[in-house]
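A quick write-up on the structure given underneath.
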Amino acid sequence: MTINLTISPDFSPAKIPSWYIFNTWLQRTSGESIHLTLFDSFLQQRQAISDDKIDLIYANPYDAAMLVREKGFVALAHPSGLTDEAIVVVAANSPVLCVEDLKPGIRVASTADPDVNMMGMIMLEPADLCPGNIQPESCNSYTLVAKQLLSGNADVGILPARAFDGLSAMVKNSLRPLVRSEISVVRHMLLIGPKAMASQVSLREAILGMDKDEKGAVILKDLGFAAWEASSQEDVEFMIDLVDTLVDQ
């Protein structure tokens, strides 16, 4: 069978070629037939998952619960030492010095990234802010979140900490972090679905040996990973329980 692979649509567009190269490498190394489909939005991707069109996914933590508990996916691997954290930022010239200075009605710029937005909103709770008393400003990329702040079209922005750290020095110097999450165990994971379970061993062996392969190591570097690390089902269940707890706060 052909395994249908997709990637959570929260990566930089600059990484698109690297994911296609990753797919080619994974096919050659594992001996499996794999087709990569990238979606423009979380909504489109979730519809494909709902329609059982996805067999292998590099999933964000928020969607992992649905994949594991409703669709029977299991964990294969996760990037070694790479966790998902969020950061709340304002323009460098903003009068806001801490989260508690923020008031209901503020304009909050973010993308559709569900786990980052969840962590960001939790960090805004000390100001008694919630989705019901802010003005959301939806952006198609993290760069546009920064631009909304710099142009004065938003009061605060929510970004992945990794994306903020990767901004140019000029842009970073024009922004000021208010708070950064330190959850440490929330991460993207590579999950495999029921229809592809017969390929679990070959895919896991290929993935876990990727950093030891000359071409594989280069691809990992381009993706921003050092290596893949095996994920147990206990790992993903613990993360799902934590995310559920955070959502219910």
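In what follows, residues are counted from 1 in the order of the sequence shown. Quick caveat: nothing in here was measured; it's all calculated off a predicted structure.
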Requested in this report: Report yes if the side chains of V74 and V68 come closer than 4.5 Å at any heavy-atom pair, otherwise no.
Outcome: no

Report task. Determine, for D63 against R69, whether the closest basic-nitrogen to carboxylate-oxygen distance falls under 4.0 angstrom. Result -> no

**Report entry** Minimum heavy-atom distance between A226 and L220, given as atom pair plus value
**Finding:** O-CD1, 3.8 Å

Query raised in the report: Among V201, L208, I207, L203, whose side chain to side chain contact (heavy atoms under 4.5 Å, CB included) with E205 holds?
Result: V201

Query raised in the report: So, S94 side chain and V90 main chain: donor-acceptor pair closer than 3.5 Å or not?
Result: no

Query raised in the report: For the side chain of D211 and the backbone of A217, is there at least one donor-acceptor N/O pair under 3.5 Å apart?
Result: no

Report task. State, to 0.1 Å, how close I219 and S18 come at their nearest heavy-atom pair, and which atoms those are. Result -> CG2-O, 4.1 Å

Query - Closest non-hydrogen atom pair, A196 against M1 - result: CA-SD, 4.3 Å

Query raised in the report: Roughly how far, to the nearest 0.5 Å, is CG of D10 from NZ of K15?
Result: 13.0 Å

Requested in this report: State, to 0.1 Å, how close R204 and A75 come at their nearest heavy-atom pair, and which atoms those are.
Outcome: NH2-O, 3.4 Å

Query raised in the report: For the side chain of R162 and the backbone of T83, is there at least one donor-acceptor N/O pair under 3.5 Å apart?
Result: yes

Query raised in the report: Between the side chains of D115 and H188, is a donor N or O closer than 3.5 angstrom to an acceptor N or O?
Result: no

Report task. Please lay out, stage by stage, how L242 and I183 fare under the test side chain to side chain contact (heavy atoms under 4.5 Å, CB included). Result -> CA-CA 10 Å; L242 176 60; I183 299 174; 3.6 Å; yes

Query - Co-membership, hydrophobic cluster, residues F39 and F42, 4.5 Å side-chain - result: no

Query raised in the report: Can you tell me how far the CG atom of D128 sits from the CG atom of N133, to the nearest 0.5 Å?
Result: 8.0 Å

Query raised in the report: Hey, what do you get for CZ (R28) to CG (N23), rounding to the nearest 0.5 Å?
Result: 10.5 Å

Query raised in the report: Do P114 and N60 have side chains that get closer than 4.5 Å, going by heavy atoms?
Result: yes

Query raised in the report: Is a donor on one side and an acceptor on the other found under 3.5 Å between the side chain of R107 and the backbone of I134?
Result: no

Requested in this report: Using a strict 4.0 Å threshold on nitrogen-to-oxygen distance, state whether E85 and R187 make a salt bridge.
Outcome: no

Query - Check against side chain to side chain contact (heavy atoms under 4.5 Å, CB included), V156 and V96 - result: CA-CA 9 Å; V156 65; V96 173; over 6 Å; no

Requested in this report: Measure from the side-chain N and O atoms of D51 to the backbone N and O of K53, and report whether any donor-acceptor pair falls under 3.5 Å.
Outcome: no

Report task. Supply the atom-to-atom distance L144 CG to L149 CG, rounded to the nearest 0.5 angstrom. Result -> 11.0 Å

Report summary line: Interatomic distance, CD@Q27 vs CG@L36, rounded to 0.5 Å, equals 9.0 Å

Report task. Check whether the side chains of D113 and T111 place a donor and an acceptor atom closer than 3.5 Å, and report yes or no. Result -> no

Query raised in the report: Hey, do the aromatic rings of W228 and Y58 have their centres closer than 6.0 Å?
Result: yes

Report summary line: Closest heavy-atom pair, S199 versus I192, reported as atoms and distance to 0.1 Å, is C-CD1, 4.4 Å

Query raised in the report: Does any non-hydrogen side-chain atom of P131 lie less than 4.5 Å from one of M121?
Result: yes

Query - Inter-residue atom distance M197.CE - D55.CG, 0.5 Å rounding - result: 10.0 Å

Report task. Would you confirm whether K71, through its side chain, and I54, through its main-chain N or O, come within 3.5 Å as a donor-acceptor pair? Result -> no

Report task. Could you label the plane-to-plane angle of the W19 and F225 rings as parallel, tilted or perpendicular, counting under 30° as parallel and over 60° as perpendicular? Result -> perpendicular

Query raised in the report: So does Y20 have more than 12 non-hydrogen atoms from other groups sitting under 6.0 Å from OH?
Result: yes

**Report entry** Side-chain donor-acceptor pair present, S231, H78, cut-off under 3.5 Å
**Finding:** yes

Query raised in the report: Between R180 and D165, is the closest basic N to carboxylate O distance under 4.0 Å?
Result: yes

**Report entry** Distance-minimising heavy-atom pair for D52 and K195
**Finding:** O-NZ, 2.9 Å

Report task. Spell out, as yes or no, whether a donor-acceptor pair under 3.5 Å connects the side chain of T29 to the backbone of L26. Result -> no

Report task. Report yes or no: does D101 contribute a side-chain atom to a donor-acceptor pair with the main-chain N or O of C98 at less than 3.5 Å? Result -> yes

Query raised in the report: Is a donor on one side and an acceptor on the other found under 3.5 Å between the side chain of S30 and the backbone of E32?
Result: yes

**Report entry** Non-hydrogen side-chain atoms of L43 and Q47 separated by less than 4.5 Å
**Finding:** no

Report task. Treat each ILVMFWY residue as a node, draw an edge where side-chain heavy atoms are under 4.5 Å apart, and state whether F22 and I3 are in one component. Result -> yes

Query - Polar side chain donor-acceptor pair, S8 to Q45, under 3.5 angstrom - result: no

Query raised in the report: Among side-chain atoms of T2 and S33, is any donor-acceptor pair under 3.5 angstrom?
Result: yes

Query raised in the report: Under 3.5 Å, side chain of Q135 to main-chain N/O of G105, donor-acceptor pair present?
Result: yes

